[in-house]
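All chains are named by letter (A, B, ...) in the order of the sequence lines, taking the proteins before the strands, and each is independently numbered beginning at 1.
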Amino acid sequence: MTIIQPDFFAQSTLSVARALLGQRLVREIDGQRLSGLIVETEAYVGPHDTASHASRGRTPRTGVMFGPPGRTYVYLVYGMHFMLNIVTEAEDFPAAVLIRAVEPVEGLDAMRVNRRGHPANIQNLTNGPAKLCQALVIDKTLNNWDISLGQKLWVEFVNSVAEAEIGAGPRRGIDYAQPQDQAMPWRFWIKGNRFVSK
DNA sequence: ACGGAGATCTTCT
DNA sequence: GAAGATCTCCGTT
């Protein structure tokens, strides 16, 4: 078992977004492991990507995206949902990969409780960026967290997913972005996986 | 199955 | 003051 280190994230964001597919996101809380295989990601790339928060410049919130690779960028949207990103590339170049969905592996019972017992079926547990944050108890206290420490939150390398198994398409929920940015096929998923978001 | 609306609050103008 | 990298519930087919 290998904990993925910052150098893994210090490369092109599109490569990282693909390479993260199939790897295991681990959350340790109260001595218990909650984990899932990453099955869907999105890339937010550079200062000119109008879908990215960083396109409006460096602010207290977006400063993390301009920082070193291998840190988390966790923020709140719609006043109630947290989103988990991992910062990529290099310092002063704002980029990150949004984790959009995982396939639950460990701690399913705890995830159900964390999700307020709502999902009747396992498929609804972590098949969306806000859902997985709720299931894995990821909130703002984990913002700017060094993901290489093997504490609280990290990613374990499992296996590379073959190119032929990876789907790509436009990112979701970015109507505010410029048309050309909306059209970029920067959402990636494992083809046929039933935990990919709707 | 599908569509629309409301929830809810931080962030930046 | 407005909008948001979403989700759930409730209505109608």
Side-chain angles (χ1 to χ4, degrees), chain A residues 9 12-14 16-18 20-21 25 36 38-67 69 71-89 93-104 111-145 147 153 155 167-190 194-198:
Chain A
F9 300 98
S12 104
T13 306
L14 299 185
V16 176
R18 280 184 282 248
L20 276 173
L21 295 174
L25 179 68
I38 297 171
V39 299
E40 184 181 1
T41 60
E42 274 178 7
Y44 289 84
V45 188
H48 306 299
D49 175 8
T50 60
S52 171
H53 293 161
S55 68
R56 272 163 275 179
R58 193 172 194 150
T59 69
R61 178 176 62 156
T62 63
V64 185
M65 288 186 76
F66 292 78
R71 303 288 189 88
T72 59
Y73 171 45
V74 179
Y75 67 90
L76 185 69
V77 259
Y78 301 114
M80 62 188 79
H81 298 307
F82 289 104
M83 304 276 127
L84 171 65
N85 299 254
I86 303 175
V87 176
T88 56
E89 308 216 18
F93 183 85
V97 172
L98 171 69
I99 311 298
R100 283 194 58 89
V102 304
E103 172 176 342
M111 290 188 201
R112 269 187 209 96
V113 173
N114 298 337
R115 294 269 291 129
R116 305 178 311 170
H118 265 299
N121 56 334
I122 180 176
Q123 284 192 51
N124 204 27
L125 221 41
T126 56
N127 63 334
K131 295 179 188 179
L132 74 90
C133 282
Q134 195 177 24
L136 300 185
V137 196
I138 294 166
D139 61 21
K140 238 193 139 184
T141 65
L142 279 172
N143 186 37
N144 202 19
W145 183 254
I147 207 170
L153 187 68
V155 185
R171 296 168 293 180
R172 304 275 286 115
I174 54 165
D175 293 347
Y176 54 86
Q178 293 292 106
Q180 68 270 22
D181 289 328
Q182 288 191 42
M184 294 286 95
W186 290 353
R187 182 170 72 97
F188 304 97
W189 63 89
I190 297 180
R194 67 185 195 284
F195 294 93
V196 171
S197 70
K198 301 290 183 296

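Checked by atom type and distance alone, the side chain of Tyr176(A) pairs as donor or acceptor with a backbone atom of Ala51(A) at under 3.5 Å. At least one donor-acceptor pair under 3.5 Å links the side chain of Thr72(A) to the backbone N or O of Leu142(A). When atom types are taken as modelled, the side chain of Asn143(A) and the backbone of Val74(A) share a donor-acceptor pair closer than 3.5 angstrom. Glu103(A) contributes no side-chain N or O that, together with a main-chain N or O of Val39(A), makes up a donor-acceptor pair within less than 3.5 Å. Between the side chain of Thr59(A) and the backbone N or O of Thr62(A) there is at least one donor-acceptor pair closer than 3.5 Å. One N or O on the side chain of Asn114(A) and one on the backbone of Ala135(A) form a donor-acceptor pair closer than 3.5 Å.
An OP1 or OP2 oxygen of dT8(C) is reached within less than 4.0 angstrom by no side-chain nitrogen or oxygen of Arg116(A).
Atom pair Ile138(A):CD1 and dA5(C):P shows a separation of 18 Å (rounding to whole Å applied). Taking atom CG of residue Asn85(A) and atom P of nucleotide dA5(C), one finds them 10 Å apart after rounding to whole Å. In this structure, Gln178(A) places its CD atom 16 Å from C1' of dA5(C), rounding to the nearest Å. Rounding to whole angstrom units, CD of residue Glu40(A) and P of dT6(C) are separated by 10 Å. Rounded to whole Å, atom P of dA5(C) lies 12 Å from atom CG of Asp49(A). When the C1' atom of dA5(C) is taken as reference, atom CZ of Arg172(A) falls 11 Å away, rounded to whole Å. Atoms CZ (Arg100(A)) and P (dT6(C)) sit 5 Å apart, rounded to a whole Å. The CG-C1' distance, from Leu125(A) to dT8(C), rounds to 15 Å in whole Å.
Around the CZ atom of Arg56(A), the shell of radius 6.0 Å holds no more than 12 heavy atoms that belong to other residues, nucleotides or ligands.
Between Gln134(A) and Leu98(A), the one whose closest nucleotide on DNA chain C sits nearer the 5' end is Leu98(A).
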Can you name the atoms? Protein N/O to nucleotides 2-5 of chain B N/O, anything below 3.5 Å, with the distance.
none

What nitrogen or oxygen pairs link the protein and nucleotides 6-13 of chain B at under 3.5 Å?
{"residue": "dT8(B)", "atom": "O2", "partner": "Tyr78(A)", "partner atom": "O", "Å": "2.5"}
{"residue": "dC9(B)", "atom": "O4'", "partner": "Gly79(A)", "partner atom": "O", "Å": "3.4"}
{"residue": "dT11(B)", "atom": "OP1", "partner": "Lys140(A)", "partner atom": "NZ", "Å": "2.5"}
{"residue": "dC12(B)", "atom": "OP1", "partner": "Thr59(A)", "partner atom": "OG1", "Å": "2.0"}
{"residue": "dC12(B)", "atom": "OP1", "partner": "Arg61(A)", "partner atom": "N", "Å": "3.4"}

(request) Go ahead and write out DNA chain B as dot-bracket, 5' to 3': ( ) for pairs within the strand, [ ] for ones crossing earlier pairs, | when the partner sits on another strand, dots for unpaired; Watson-Crick or G-U wobble, both distances under 3.5 Å. (result) |||||||.||||.

(request) Show your working on side-chain hydrogen bond (donor to acceptor under 3.5 Å, both in side chains) between Ser52(A) and Ser55(A) and close with a plain yes or no. (result) CA-CA 6 Å; Ser52(A) 171; Ser55(A) 68; 5.7 Å; no

(message) Under the criterion side-chain hydrogen bond (donor to acceptor under 3.5 Å, both in side chains), I'd like the reasoning laid out for Thr50(A) against Asp181(A): C-alpha separation, chi angles, the key distance, then a yes or no.
(response) CA-CA 6 Å; Thr50(A) 60; Asp181(A) 289 328; 2.6 Å; yes

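Residue contacts for Ala130(A): at a heavy-atom cut-off of 4.0 Å it reaches the sugar-phosphate backbone alone, with no base atom in range.
For the pair Arg171(A) and Tyr44(A), the distance from NZ or CZ to the six-membered ring centre is under 6.0 Å and the angle to the ring normal is within 45 degrees.
Of the charged side-chain nitrogens involved, at least one lies within less than 4.0 Å of a carboxylate oxygen, so that Arg187(A) and Glu40(A) count as a salt-bridged pair.
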